[in-house]
Amino acid sequence: MVDRRFNVLPGFGLTMGYTLLYLGLIVLLPVAGLFLRLAGVSFEEFWRMATTERAVAAYRLTFGASFVAATINAVFGTVVAWVLVRYHFPGKRFFDALVDFPFALPTAVAGLTLSNLYAETGWLGRFLVPLGIHGAFTSLGVVIALTFIGLPFVVRTLQPVLEHFDHEVEEAAATLGAGRLRTFVSIIGPTLLPTIITGFALAFARAIGEYGSVIFIAGNKPYESEIAPLLIVIRLEEYDYTGAIAIAVVLLFISFGLLVVINLLERWASRYEN
Amino acid sequence: MSIELKDISKHFGAVTAVNQVSFSVEDGELMALLGPSGGGKTTVLRMIAGLEVPSSGDIYVRGQRVNDVSVQQRNIGFVFQNYALFKNMSVFKNVAFGLRIKKWKRRDVRDRVEELLALFGLEDLGPRYPHQLSGGQRQRVAIARALATKPSVLLLDEPFGAVDAKIRQELREWLVTLHHELNVTTIFVTHDQEEAMEVSNRIVIFSRGNLEQIGTPRQVYEEPANEFVARFIGVINVLELEVRQGVARLNELEFPAHGVPEGQRLRIGFRPYAVQISSNLQLYRYRATLRHTFFLGVMLRVELELPSGLTIRARMTKEEYAHLGLEDGAYVSFQIRQYRILAKEGMPLAPETASTQDAIVYGEGI
């Protein structure tokens, strides 16, 4: 006799087949294609193309700026989510909707707006530049753009978790004598950490792949404010397909490695949960 | 006197959650705050803890007015309905939390936590996280955590609400034993009158923010202050009758009402155990058909239907039932041994009146 359980959705076979086909077509096939292009290239040749001084500078900027931007978002995104969940104030819904703005705005528009804002003649730039803060056409500009596009990831990841956070836990800490700071550091912080890491990872991953907004504000000076995705485009425009793919493969490996690390970190932070 | 509330009121906007409540709790008492949900009992508990600030009135703990003392400084142990354990901390760290804040020495913390874990039968669970515990274990951890710093009073909000029926019974007995051993003043909130009757020394009954009665389980059962209490504690038959020529009447039932003005309506209540049944139709004054029998364990509850269609509830032991040879559909005679003229809520009740010369016998339980 076959042990069959009732399921709402049609059979396991059909859905699993579809899932595998989907993942294969959308994810694995392009990745395989990438490696196929590298098939005729020796490892030395690949390594030379992937680690030119200019490429290394681009990796450093892409991952460095993404990391900084994601970290900024992890901190301030948490504050924003906290305020939006915990407090009631006039215009709350408006501010809540505003968080999605970076999602909705075409990245090119964001880049253009930000570079205008921070340029020497811009609204903010005219005050910041005399202070030595160059927000446009520098690596700082890259961080600014990546922070902008990454904000919603942390806020939107954290909001549902905060909404379900048991208020009684805070009261329990208070009855045991804990002040606000102690309650936050010992209880709320550690409980939220896995979610903050998830939000950080999403913002980080998005920032690594970001292209549109960055190229407008970065100035794209080689060795200084040129991001890796842009370098791939430049290589393509030079008809150096193999060179472009070499950089792409490096990006792929580092991104994958970071994803693994972040997943482990998330697991560690949520070790006390089911 | 351990805790005293004087004219405590609490308003949430236009809603009055607690209205002019005063009562006191003696040292070492185990007291129940009882009432239907929304009655204000949890708000009272939270005000004692300092989690809620009274709109007016004063709270004293051991003679000290504590209205302006913060929740952190009050030194009370509070057990939340859903326990509110810190899920990012092990059982050991949960229990140690209050001690660490009070800056106990590391060794003293360890000794105290181990002492509590042993007392609560949690010795081996120190390194576990809350999600790895059963409901009963979680509750014991919550109580251990609340008791760690030796609070002057232990407050429990619906302590048996979140566990299933069988464990609930064990926990009740366990709480009584624990209170007996530690002798810490304990106040708990419940909406279950049976629970309040079984566990506490005294009961405070709330309804819609008002204190209806305060007394021992026996007092509130036998001498309810008003109809609300009479109906809330246990099962009671309530009849509305009209007085004609000194007799209150509803269909065939009659109660003496000398001196009551003609035409006035009276509310009369009697407990199911006060209804005496016989299979001998000549023995008692009224006749009825036994409609349903409800099996409640040792006791049985029966529904009697009078010829006029009026239904009343009675109860008896299994043995009596068997002895009388009763069954559903049987024709019986009965009398009402004791009854009480009920007043409206908040008004005092007339003393219980025996309708016959029988000795007053109170049933066990409800």
Side-chain angles (χ1 to χ4, degrees), chain A residues 74-75 78 81-82 85-90 92 157-201 262-274, chain B residues 42 45-46 48-52 69-91 93-104 127-133 138 141-158 162:
Chain A
V75 175
T78 304
W82 183 269
V85 171
R86 282 304 178 93
Y87 300 104
H88 296 277
F89 50 91
K92 174 172 162 168
T157 313
L158 213 52
Q159 261 176 329
V161 178
L162 271 175
E163 270 159 19
H164 289 111
F165 193 83
D166 189 359
H167 192 66
E168 286 188 346
V169 170
E170 289 160 58
E171 292 185 336
T175 61
L176 292 166
R180 289 168 201 228
L181 185 67
R182 182 67 179 256
T183 306
F184 191 85
V185 172
S186 304
I187 294 150
I188 300 172
T191 312
L192 294 183
L193 194 61
T195 318
I196 295 176
I197 293 175
T198 306
F200 170 87
I262 288 169
N263 262 296
L264 290 175
L265 202 64
E266 224 179 295
R267 224 195 226 174
W268 168 81
S270 61
R271 64 201 176 280
Y272 47 78
E273 277 169 35
N274 306 1
Chain B
T42 295
L45 196 76
R46 288 172 61 84
I48 296 171
L51 292 167
E52 218 80 69
V69 179
S70 74
V71 53
Q72 283 90 351
Q73 304 296 324
R74 275 196 202 187
N75 193 32
I76 42 91
F78 200 103
V79 179
F80 291 85
Q81 188 172 3
N82 296 308
Y83 316 138
L85 295 179
F86 307 136
K87 61 175 184 168
N88 60 315
M89 295 183 193
S90 65
V91 168
K93 284 188 173 167
N94 264 282
V95 178
F97 188 78
L99 302 172
R100 294 239 163 93
I101 284 165
K102 295 225 156 54
K103 301 213 172 358
W104 280 35
R128 297 260 192 104
Y129 284 101
H131 79 266
Q132 296 168 311
L133 305 177
R138 273 179 223 183
V141 173
I143 297 177
R145 182 178 69 178
L147 287 173
T149 54
K150 302 183 175 160
S152 54
V153 56
L154 179 66
L155 307 173
L156 304 106
D157 187 7
E158 295 275 2

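Lettering of chains follows the sequences in order, A, B, ..., and the numbering in each one begins at 1.
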Could you give me the CA-CA distance, side-chain angles and deciding distance for Thr175(A) and Arg74(B), then say whether side-chain contact (heavy atoms from CB on, under 4.5 Å) is met?
CA-CA 8 Å; Thr175(A) 61; Arg74(B) 275 196 202 187; over 6 Å; no
How close do Leu176(A) and Lys102(B) get, heavy atom to heavy atom, and via which atoms?
O-NZ, 4.1 Å
Return the minimal non-hydrogen interatomic distance between Gly177(A) and Ile101(B), and the atom names on each side.
O-CG2, 3.4 Å
Do other residues, nucleotides or ligands put more than 12 heavy atoms under 6.0 Å from Arg86(A) CZ?
yes
Please round to the nearest 0.5 Å and tell me the distance separating atom CE of Met89(B) and atom OG1 of Thr191(A).
8.0 Å
Under 4.5 Å heavy-atom distance to chain A, tell me which part of Arg46(B) shows up: side chain, backbone, both or neither.
side chain
Under 3.5 Å donor-acceptor, Asn88(B) side chain and Ala269(A) backbone:
no
Shortest non-hydrogen contact between Phe80(B) and Ala172(A), atoms and distance:
CE1-CA, 3.4 Å
Before giving the answer on side-chain contact (heavy atoms from CB on, under 4.5 Å), spell out for Ser186(A) and Phe86(B) the whole-Å C-alpha distance, their side-chain angles and the decisive distance to 0.1 Å.
CA-CA 9 Å; Ser186(A) 304; Phe86(B) 307 136; over 6 Å; no
Tell me whether Gln72(B) contacts the main-chain N or O of Ala174(A) through its side chain, where contact means a donor paired with an acceptor under 3.5 Å.
no
Give a yes or no on whether Phe89(A) atom CZ has more than 12 heavy-atom contacts from other residues, nucleotides or ligands under 6.0 Å away.
yes
Residue pair Val169(A) / Leu85(B): nearest heavy atoms and the distance that separates them
CG2-O, 4.0 Å
For Glu171(A) and Leu51(B) the tightest heavy-atom approach is CB-CD2, 3.8 Å
